[in-house]
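Remarks on the structure that follows.
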Amino acid sequence: MLLVSACLAGLKVRYNGTDCLDDAIAELIGSGQAATVCPELLGGFAVPREPAEIQGGDGHDVLDGRAKVVTRSGEDVTALYVKGAYETLRQAREAGAEVVVLKANSPSCGSGTIYDGTFAGVRVPGDGVTTALLARNGIRVLSEDELPVFLAGRVRAE
Ligand code: SF4
């Protein structure tokens, strides 16, 4: 079983009430091979919500107390992001998921790149908070951009 970002499956759970439907993800859901998760809703946020970015580092730095997650208006929402990460880890373990596919660039779900905390659309290397926690617990995180290569490899291995 794979766990995937709910917004990639077409659920309108992003901060602005939209989704990021990815056809390959939708197929995995349709065939029963994947379940959805949204770390920010698990953390206690609603839809819509204010956008937030990590300031002072990436998700690993947030987990280690060196960085925080802040909304555009300056509210510190770090605790909710950390709570959502731990809830997602719990769900991944319950589902027996060894691979989780999370939306690129998000302060929760980003893997490899995130926004730089200035709300200017600038991307920097780094992981989101949930991605960092899953990785620390031995769960492989892919972005939707990496999914086609992963699925092709799985087919070759069968
Ligand atoms: S990127 Fe992650 S936290 Fe944001 S809406 Fe999608 S699933 Fe939820």
Side-chain angles (χ1 to χ4, degrees), residues 2-26 28-29 34-95 97 99-147 150:
L2 299 174
L3 206 58
V4 300
S5 279
C7 56
L8 293 173
L11 300 177
K12 299 189 185 306
V13 294
R14 294 184 70 220
Y15 72 94
N16 58 1
T18 64
D19 63 66
C20 302
L21 179 62
D22 180 287
D23 290 340
I25 297 277
L28 289 171
I29 298 284
T36 62
V37 68
C38 176
E40 290 173 20
L41 295 192
L42 288 175
F45 288 101
V47 181
R49 56 189 173 278
E50 231 193 315
E53 295 188 3
I54 299 174
Q55 294 182 342
D58 77 344
H60 292 279
D61 298 306
V62 171
L63 293 174
D64 292 337
R66 292 190 298 267
K68 55 189 180 178
V69 191
V70 180
T71 67
R72 193 196 297 269
S73 67
E75 183 185 359
D76 185 339
V77 288
T78 305
L80 297 180
Y81 274 75
V82 171
K83 178 175 180 230
Y86 276 93
E87 284 294 317
T88 302
L89 174 62
R90 188 179 58 75
Q91 290 204 3
R93 283 176 167 158
E94 276 180 13
V99 175
V100 179
V101 185
L102 297 181
K103 172 80 185 74
N105 305 314
S106 150
S108 293
C109 293
S111 53
T113 57
I114 55 171
Y115 289 107
D116 73 347
T118 64
F119 297 94
V122 179
R123 292 176 199 166
V124 291
D127 292 330
V129 181
T130 294
T131 298
L133 186 67
L134 294 178
R136 287 181 176 198
N137 285 274
I139 296 173
R140 184 176 172 196
V141 179
L142 305 176
S143 74
E144 67 274 28
D145 301 329
E146 297 169 299
L147 182 62
F150 170 75

Quick one: closest heavy-atom pair of Val69 and Ala52, and the distance? CG1-CB, 3.9 Å
Smallest heavy-atom separation, Leu102 atom then Leu134 atom, equals CD1-CD1, 4.1 Å
Less than 4.0 Å between a side-chain N and a carboxylate O, is that true for Lys12 and Asp19? yes
Give a yes-or-no answer on whether the side chains of Asn105 and Thr113 include a donor-acceptor pair shorter than 3.5 Å. yes
Of all heavy-atom pairs linking Ile54 and Gly128, the shortest is CD1-CA, 4.3 Å
Verify the distance criterion only: is there a donor paired with an acceptor across the side chains of Arg49 and Asn16 at less than 3.5 Å? no
Are Phe45 and Tyr81 close enough that their ring centres sit under 6.0 Å apart? yes
May I ask you to decide whether Arg90 forms a salt bridge with Glu94, counting only side-chain N to carboxylate O separations under 4.0 Å? yes
Give a yes-or-no answer on whether the side chains of Arg136 and His60 include a donor-acceptor pair shorter than 3.5 Å. yes
Below 4.5 Å, heavy atoms only, C-beta onward: do Glu40 and Cys109 meet side chain to side chain? no
Determine whether Phe119 and Glu53 make a side-chain contact, defined as any pair of heavy atoms from C-beta on separated by less than 4.5 Å. yes
Going by heavy atoms in the side chains, are Val77 and Val70 under 4.5 Å from each other? no
Walk me through whether Val99 and Phe150 qualify under side-chain contact (heavy atoms from CB on, under 4.5 Å). CA-CA 10 Å; Val99 175; Phe150 170 75; 4.0 Å; yes
